[in-house]
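Input: a single structure, listed below in structure tokens.
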Amino acid sequence: DTEVTQTPKHLVMGMTNKKSLKCEQHMGHRAMYWYKQKAKKPPELMFVYSYEKLSINESVPSRFSPECPNSSLLNLHLHALQPEDSALYLCASSQPATGAVNYGYTFGSGTRLTVV
Amino acid sequence: AQSVAQPEDQVKVAEGNPLTVKCTYSVSGNPYLFWYVQYPNRGLQFLLKYITGDNLVKGSYGFEAEFNKSQTSFHLKKPSALVSDSALYFCAVRTESGGSYIPTFGRGTSLIVHP
């Protein structure tokens, strides 16, 4: 299995809702990432988990809450979002920086989030 | 700091013609460079990478890239463009942060291949 699977593919939520995005990989990768991408822009890094511990939080608002329950799963909990949070949310996984050349950075297909 | 620049917002080419999407880099040490492609409403797909070795790197879907150290460039090329190659292309350089290797992306270049 060489894929990163993200669910749901599309999500529409109100500003008072609570929802979660899910990401799963079975490649044995021990680093997982959340990105936010606006149309025709590069992905912006939000969070990095390395060995199931949060290692990078790029000053993301607290209405986004990541969780890494195990080495294969990564969640992004959403609460009280704003319309400007509407974007494509991408998950990725890789091996951590062990010095290995082929660290296999792989993206999922993303969740298209619309906040109304 | 590691960075890449994509000077063109958009590249237009006719089907069957060769295409080039430009990327220049600025790194300390050896550059690890990548190209990704993104089709509408999809994630990023890996095309190819340069780590070391031959300056001409071959990748997926008939794409190749030429690493040029003197010009600090890593341009993406294809000898004969297809309409289905129309997509958003990102050049990236590997950056180490917080114990992870993270791609630092260029701004992206929209490739339009017209019939």
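Values below: every heavy atom of this structure, side chains too, minus hydrogens, waters and symmetry copies. To find a chain, count down the sequence lines: A is the first, B the second, and so on, and within it residues start at 1.
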Exercise for the section: Please check if atom CG in Asp54(B) has more than 12 non-hydrogen atoms from other residues, nucleotides or ligands closer than 6.0 Å. Expected result: no
Exercise for the section: Can you establish whether the number of heavy atoms outside Lys38(A) located under 6.0 Å from its atom NZ is more than 12? Expected result: yes
Practice task
Enter the distance from Lys9(A):NZ to Arg42(B):CZ here, rounded to the nearest 0.5 Å.
Solution key: 7.0 Å
Practice task
Mind checking the CD-CZ spacing from Gln37(A) to Phe90(B)? Nearest 0.5 Å is all I need.
Solution key: 5.0 Å
Hydrophobic cluster membership, [X] vs [Y], 4.5 Å side-chain cutoff:
X	Y	answer
Met32(A)	Leu54(A)	yes
Leu88(B)	Val13(B)	no
Tyr61(B)	Leu48(B)	yes
Phe46(B)	Val93(B)	no

Fill in the blank from the handout: Turns out that what part of Glu44(A) lies under 4.5 Å from chain B's heavy atoms comes down to neither
Exercise for the section: Can you tell which part of Gln38(B) gets under 4.5 Å to a heavy atom of chain A, answering side chain, backbone, both or neither? Expected result: side chain
Practice task
Classify the angle between the aromatic ring planes of Tyr36(B) and Phe107(A) as parallel (below 30°), tilted (30 to 60°) or perpendicular (above 60°).
Solution key: perpendicular
Exercise for the section: Could you please spell out the steps behind the side-chain contact (heavy atoms from CB on, under 4.5 Å) verdict for Tyr105(A) and Leu44(B)? Expected result: CA-CA 10 Å; Tyr105(A) 210 96; Leu44(B) 274 68; over 6 Å; no
Practice task
For each of Gly110(A), Cys91(A), Pro42(A), tally heavy-atom pairs with chain B at distances under 4.5 Å, and name the one with the top tally.
Solution key: Pro42(A)
Practice task
Could you pull out the closest heavy-atom pair between Phe105(B) and Tyr35(A), with the gap in Å?
Solution key: CE1-CE2, 4.2 Å
